[in-house]
Q: 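Below: one structure in structure tokens.
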Amino acid sequence: MATVILVRHGRTTANATGLLAGRAAGVSLDQTGREQAALTGERLAAVPVVGVVSSPLERCQQTAQLILDRQAGTPYAPVEPDLTECDYGQWQGRMLSDLATEDLWSAVQSQPSAVVFPGGESMAGMQARAVAAIRRHDAAFETGYGPGAVWVAVSHGDVIKAILADALGMHLDLFQRINIGPASVSIVRYSATRPSVYATNTDAGDLSWLSNSILSADAPVGGGAGQQAP
């Protein structure tokens, strides 16, 4: 099938101060975040992506626009509500340092599959709707553009970690082992047999090899020769 590039939004003022922004409106990229997202846009400029699908939250749409600004063409750019941030309920708007004293914090760290945020959603529900959205868009892009299609999904740290955990065949309780930095790039290809993870949490490096590669669904025995830039 097609190849999805998972991009976390750039740093925000909330990230910089340790505030859990959640789904709050008006949380924008700070200067560092704009620079991070612009750099990611430069990395992706060598890849003619067919779509840039974004969470509806402002910080993701700003990141998506900085990617779109550097594309030679005009990729399809819809907003996808199911890629939005986890609904942290009553945790939203609080400092992470304060939340770390809550009894629920230890479960978030060690057993997220059992966590339901007070007044919000479960982490398992967040993973289910995000993975379903990624697979739905991936299938649509392959149908419309062929198996060599590459597209971008701009979302949030916990959401991307949950998507990667699913692609790696990891239980959600292990997803805290994955780190996803601001404006980082992770790459997944879904096939009829299994997902293949080509990169996680990268913030530098050449991505031009994606521009003319149809990635195989089969894993090369012994590791293969790697991807070659055009």
Side-chain angles (χ1 to χ4, degrees), residues 1-12 15 33 36-37 39-47 49 51-55 59-60 63-64 66-67 80 82-86 108-110 112-113 123-124 126-135 137-138 141 149-191 193-211 213-220 223-229:
M1 297 176 74
T3 300
V4 57
I5 299 173
L6 302 167
V7 176
R8 183 185 169 194
H9 62 80
R11 195 183 81 169
T12 67
N15 296 144
Q36 291 169 335
L39 177 60
T40 298
E42 292 294 341
R43 291 182 70 200
L44 294 175
V47 186
V49 301
V52 178
V53 181
S54 175
S55 156
R59 54 195 184 270
C60 287
T63 301
L66 287 164
I67 293 170
E80 174 51 69
D82 283 339
L83 292 181
T84 196
E85 180 63 284
C86 186
V108 171
Q109 301 303 313
S110 62
S113 66
M123 298 193 84
M126 174 268 289
Q127 182 185 46
R129 49 101 169 156
V131 169
I134 290 293
R135 289 178 178 263
H137 283 283
D138 195 76
F141 281 121
V150 180
W151 64 285
V152 175
V154 183
S155 191
H156 306 268
D158 279 350
V159 176
I160 293 174
K161 286 165 62 175
I163 293 166
L164 287 171
D166 171 78
L168 290 164
M170 295 169 57
H171 195 282
L172 183 60
D173 287 347
L174 303 178
F175 99 135
Q176 299 293 20
R177 300 184 183 194
I178 302 169
N179 287 287
I180 296 297
S184 65
V185 166
S186 302
I187 303 171
V188 179
R189 176 177 167 80
Y190 294 93
S191 74
T193 54
R194 61 179 174 269
S196 294
V197 178
Y198 284 82
T200 62
N201 196 36
T202 69
D203 57 15
D206 178 29
L207 296 175
S208 61
W209 57 271
L210 282 165
S211 65
S213 298
I214 297 179
L215 304 178
S216 174
D218 292 331
Q227 303 301 326
Q228 303 298 314

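As a basis for the values below, the full set of heavy atoms in this structure was taken, side chains included, without hydrogen atoms, waters or symmetry mates.
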Q: Using atom types as modelled, flag every donor-acceptor pair under 3.5 Å from a side chain in residues 160-171 to any protein atom, sequence neighbours excluded.
A:
{"residue": "K161", "atom": "NZ", "partner": "Q176", "partner atom": "OE1", "Å": "2.6"}
{"residue": "D166", "atom": "OD2", "partner": "R135", "partner atom": "NH2", "Å": "3.4"}
{"residue": "H171", "atom": "ND1", "partner": "D173", "partner atom": "N", "Å": "3.0"}

Q: Check whether any side-chain heavy atom of R59 lies under 4.5 Å from a side-chain heavy atom of E85, and answer yes or no.
A: yes
Q: Using the test side chain to side chain donor-acceptor pair (under 3.5 Å), find all partners of E42 that sit at least two apart in sequence or belong to another chain.
A: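 Counting only residues at least two positions away or on another chain, E42 forms a side chain to side chain donor-acceptor pair (under 3.5 Å) with R70.
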Q: Pick out which of V159, V188, L6 makes a side chain to side chain contact (heavy atoms under 4.5 Å, CB included) with I134.
A: L6
Q: For residues V150 and L210, report the shortest heavy-atom separation together with the two atoms involved.
A: CG2-O, 3.7 Å
Q: I need the minimum non-hydrogen distance between S208 and A46, along with the two atoms involved.
A: CB-CB, 3.9 Å
Q: So does T84 get a backbone contact from the side chain of R129, meaning a donor-acceptor N/O pair under 3.5 Å?
A: yes
Q: Pick one: which of T40, I5, V52 meets side chain to side chain contact (heavy atoms under 4.5 Å, CB included) with V154?
A: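 Among the candidates, only V52 passes.
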Q: Which atom pair, heavy atoms only, marks the closest approach of D138 to W151?
A: OD1-NE1, 2.9 Å
Q: For the backbone of I180 and the side chain of R8, can you confirm whether one donor and one acceptor N or O come within less than 3.5 Å of each other?
A: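 It does hold such a pair.
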Q: Using every non-hydrogen atom in the two residues, find where M123 and P112 come nearest and quote the distance to one decimal.
A: CB-O, 3.4 Å
Q: Can you give me the closest heavy-atom contact between S55 and H156, atom names plus distance?
A: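 Scanning both residues completely, I find the closest heavy atoms to be OG-NE2, 2.9 Å.
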Q: Can a donor-acceptor pair be found, under 3.5 Å and without considering hydrogens, that links the side chain of S113 to the backbone of L172?
A: no
Q: Could you tell me whether the side chain of T63 and the main chain of G10 form a donor-acceptor pair under 3.5 Å?
A: yes
Q: Please answer whether the main-chain N or O of L83 pairs with a side-chain N or O of S155 as donor and acceptor at a distance below 3.5 Å.
A: yes
Q: How many angstroms lie between atom CG of L39 and atom CG of L66, to the nearest 0.5 angstrom?
A: 11.0 Å
Q: Are N15 and H9 close enough, and set up right, to give a side chain to side chain contact (heavy atoms under 4.5 Å, CB included), and what steps lead you there?
A: CA-CA 11 Å; N15 296 144; H9 62 80; 3.5 Å; yes
Q: Only counting residues at least two apart or in another chain, list the ones meeting side-chain contact (heavy atoms from CB on, under 4.5 Å) with A128.
A: none
Q: Is the backbone N or O of R11 less than 3.5 Å from a side-chain atom of Q36, with the two atoms forming a donor-acceptor pair by type?
A: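 At least one qualifying donor-acceptor pair exists.
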Q: How close do Y190 and V4 get, heavy atom to heavy atom, and via which atoms?
A: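 Result for this residue pair: CE1-CG1, 4.0 Å.
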Q: Heavy-atom distance under 4.5 Å between the side chains of T3 and Y198, does that happen here?
A: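 The answer is no; the side chains never approach within 4.5 Å.
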Q: Can any side-chain N or O of T200 pair as donor or acceptor with the backbone N or O of S186 at less than 3.5 Å?
A: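 Answer holds: no.
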